[in-house]
Amino acid sequence: MNSEFVKKFLSRKFLVSLIGMIVGLAIALGADSSEIMQVAGAITSAVSAVSYIFGEAKIDAAAVEPIPLLPAPKSDSDEVNDWK
């Protein structure tokens with residue numbers, strides 16, 4: 001469930017709508033257009049960098065081959081003793 005939650009909040013659609021909401025609130029609160037452009041640009045840059053980092057991490061994790069585990073050697077203590 002945690003993975004789905006993170007996926008939804010890192011989706012491009014959600015992030016673009018979040019930027020739109022922030023810009024809309026800034027306009028409603030009377031911010032200058034230059035301030036709005038700076039905020040939108042900063043958010044867009046940060047989202048791009050974070051998306052790239054997560055994307056590359058996912059690609060790197062998929063490229064790593066798991067190390068095969070060897071079966072443990074059997075010993076006398078592995079046998080179950082019947083104490084009847």
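Counting begins at 1 with the first residue of the sequence.
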Show the atom names and distances, to 0.1 Å, of all donor-acceptor pairs under 3.5 Å that link a side chain in residues 33-47 to residues at least two apart or in another chain.
unit_1: Glu35; atom_1: OE1; unit_2: Asp32; atom_2: N; d: 3.4
unit_1: Thr44; atom_1: OG1; unit_2: Ala40; atom_2: O; d: 2.7
unit_1: Ser45; atom_1: OG; unit_2: Gly41; atom_2: O; d: 2.9

Which atom pairs, donor and acceptor, lie under 3.5 Å between side-chain atoms of residues 19-26 and protein residues at least two apart or in another chain?
none

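The ring pair (Phe, Tyr, Trp, His ring centres under 6.0 Å) test applied to Phe54 returns no partner, not counting sequence neighbours.
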